[in-house]
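The structure appears right after this line, and notes come after that.
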Amino acid sequence: MADQHSTAATAAPVDFIRAIVDEDLATGKHHGRVSTRFPPEPNGYLHIGHAKSICLNFGIAQERGGSCNLRFDDTNPAKEDVEYVDAIKDDVAWLGFMWSAELYASDYFERLYRFAVELITQGKAYVDSLNGDQIRAYRGTLTEAGKNSPYRDRPVSENLDLFARMRGGEFADGAHVLRAKIDMASPNFNLRDPTLYRIRHAAHHRTGDAWCIYPMYDFAHPLSDALERITHSICTLEFEDHRPLYDWLVGALIDEDRPRQIEFARLNLNYTVMSKRKLLQLVQQGVVSGWNDPRLPTISGLRRRGYTPESIRDFCARIGVAKKENVIDVAQLEHSIREDLNRRAPRVMTVLRPLKVVLTNYPEGQVEEVDVINNPEDASAGTRKVPFSRVLYIERDDFLEDPPKKFFRLSPGKEVRLRCAYFITCTEVVKDGRGEILELRCTYDPSTRGGDSPDGRKGTPRGWRKAKRSSITSIPTRST
RNA sequence: UGGGGCGUCGCCAAGCGGUAAGGCGCGGGUCUUUGGAACCCGUAUUCGAAGGUUCGAAUCCUUCCGCCCCAGCCA
């Protein structure tokens, strides 16, 4: 089959991430395996920016015969909620992707804990008892190295004991943290003994109060990737600085099949708020009706607004994937939905500013039904019956009493075609005392039923509407 | 100021030493069975800047300039 509907997706050049995946496949790096994951934190709804990541992760798995997990990065009980995990699952599925497995970082809490113990045993992590302010002060600045915590050289046995007691609930929030022992003088802050675990006496949406210590993203993410045998861990640019830590952890705890983190530039849309924090604010303050308010760029908002999954996927395929910061013009998104809807949306005829038309030679009281095409772009969309009678309305803009030369619409003495109905000719203009046009008197040509002229007469068809078949509708105005 | 990234048309984006793809947008035109549709044409002598290497550079080297990210016990 000729791909006359070839999309940007099929024509799109291979982006740098797919190039890496293909290279790894070619060299047999992961024994021909490709495994990705989409790792949202259930602390809000997904938006169009997430769609880019979803299409990337699921797309690569799909195209290269791999798998893609949906993994909730739920390591911060304070911000997360089941409402969000349900919404996220709905949105991903609606976009047209099915995950190989539904997983949660919280499912790994026990194993992550054991990884932490292993790290302590290796002498690569320690329990720090400095408070938050002190830790910040010890961290140094952009130009000055940090200082070692006085607790940095606690013996392994003491660290093991303290860490176990942290888990046991002996300490208050903030009393201790587990930190990696790397390098307080590193120019990369992420390596200045990053925090791995903190004490949080808070109920978790899945584990309840089974835990009072929770792993940090930097600790949980690479190890969760490794546990799932993810091959390519794709994330956004701001995590580039975290990669050395990602590799450090994986290097210390994982023997084979280590995952690799690859960063790409997140999506930005002009005139669009894409920050989860700000979207949450709009929802909480009641500025919008909810996460699916059609004015929001959330997946559920776009869905409610009439966007189709196809159009969003097409958009993601068109914008590409690279490392350059970008601000996509919303016109690009709108183009995708227009193209999709144009191809499949059924049409209706409507009149915004009605002008009454009386067909003087059409039998009084007669009503006939004409077949109107549902979608000129798609013959299979069929036709519908629309009543036609002596009195009907056309768009005011479709009539001009004194038309310029290239005006193909109705004017006195001129003939025009009513879409899928008849040709009509304007014979008289009825006005009120002030010269306002009240109605038009026209004649119709019975031989042109269906809007076809037996003698090949042409004319741009105009929309029309039978009298008394109106319904009040609100018409969205174009926002320009 | 230290570190990590990035700079190709208004917005995206290919290009990987052999003489600037494509999409969106925009401009013009064609089309008398909707069109904010479709189709056609046009839209970077130039790749942040300056030097250098080379027969040849957006692609290699040097310096400079600009923008983004990092000092959460957030992700």
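We name chains A, B, ... by the order of the sequence lines, and we start the count at 1 in each one. All values below were derived from every heavy atom in this structure, side-chain atoms included, with hydrogens, water molecules and symmetry-related copies excluded. Because the structure is a prediction, the values reported are computed rather than measured.
Under the 6.0 Å cut-off for aromatic ring centres, F109(A) and H204(A) qualify, their centroids lying closer than that. A centroid separation of 6.0 Å or more is found between the aromatic rings of F315(A) and Y307(A).
Of the candidates G2(B), U32(B), A75(B), U32(B) carries the atom nearest the R417(A) side chain, counting heavy atoms from C-beta on. For E377(A), taking side-chain heavy atoms from C-beta onward, the closest of the listed nucleotides A37(B), G2(B), C12(B) is A37(B). Nearest nucleotide to the side chain of V177(A), out of C73(B), C12(B), G23(B): C73(B). Candidate nucleotides G36(B), C73(B), C11(B) were compared by shortest atom distance to the side chain of N131(A), and C73(B) ranks first. Counting only heavy atoms from C-beta on, P187(A) has its side chain closest to G2(B) among A75(B), G2(B), C73(B). Side-chain proximity of T143(A) to C12(B), U1(B), C73(B): nearest is U1(B). When the nucleotides G35(B), A75(B), G2(B) are ranked by their closest atom to the side chain of N342(A), G35(B) comes out on top.
For K414(A), the salt bridge (Lys or Arg N to Asp or Glu O under 4.0 Å) test picks out no residue, with sequence neighbours left out.
Side-chain contact check for Y108(A) and E228(A): at least one donor-acceptor pair (N or O, by modelled atom type) lies under 3.5 Å.
For the OP1/OP2 pair of A75(B) and a distance below 4.0 Å, the side-chain nitrogens and oxygens of T75(A) include at least one atom meeting the criterion. Close to C68(B), at under 4.0 Å from its OP1 or OP2, lies no side-chain N or O of R266(A). Phosphate contact (OP1/OP2 of A13(B), side-chain N/O of R318(A), threshold under 4.0 Å): absent. Listed pair R198(A) / C74(B) meets the phosphate criterion, a side-chain N or O lying under 4.0 Å from OP1 or OP2.
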Which is it for E170(A) and H176(A) under the side chain to side chain contact (heavy atoms under 4.5 Å, CB included) test, yes or no, and what are the steps along the way?
-> CA-CA 11 Å; E170(A) 271 188 49; H176(A) 307 280; over 6 Å; no
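In this entry the distance linking CG of N188(A) with P of A71(B) reads 11 Å, nearest Å. Note: CD (Q332(A)) to P (G23(B)) measures 11 Å, nearest angstrom. Counting to the nearest Å, the P atom of A71(B) and the CZ atom of R136(A) are 11 Å from each other.
Taking 4.5 Å as the limit, every side-chain heavy atom of Y45(A) sits out of range of all side-chain heavy atoms of P40(A).
T195(A) comes within contact range of the sugar-phosphate backbone alone, with a heavy-atom separation under 4.0 Å but no base atom that close. Across all strands, Y197(A) comes closer than 4.0 Å to no nucleic acid atom at all (heavy-atom distances).
Under the Watson-Crick or G-U wobble criterion, with both distances below 3.5 Å, G27(B) is paired with C41(B).
Checked for salt-bridge contact, D397(A) and R409(A) miss the test: no charged N lies under 4.0 Å from a carboxylate O. Under 4.0 Å is where a charged nitrogen must lie from a carboxylate oxygen, and between K181(A) and D193(A) no such pair does.
Sequence order on RNA chain B of the closest nucleotides to H335(A) and K52(A) puts K52(A) first from the 5' end.
Residue F189(A) comes nearest to R139(A) through the heavy atom pair CD2-CG, 3.7 Å, listed as atom of the first residue, atom of the second, then distance.
Residues of residues 267-285 of chain A that place a heavy atom closer than 4.0 Å to RNA chain B do not occur.
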Please tabulate, one pair per line, each protein N/O and nucleotide N/O from nucleotides 5-7 of chain B that are separated by under 3.5 Å, including the distance.
unit_1: G5(B); atom_1: O2'; unit_2: E240(A); atom_2: OE1; d: 3.3

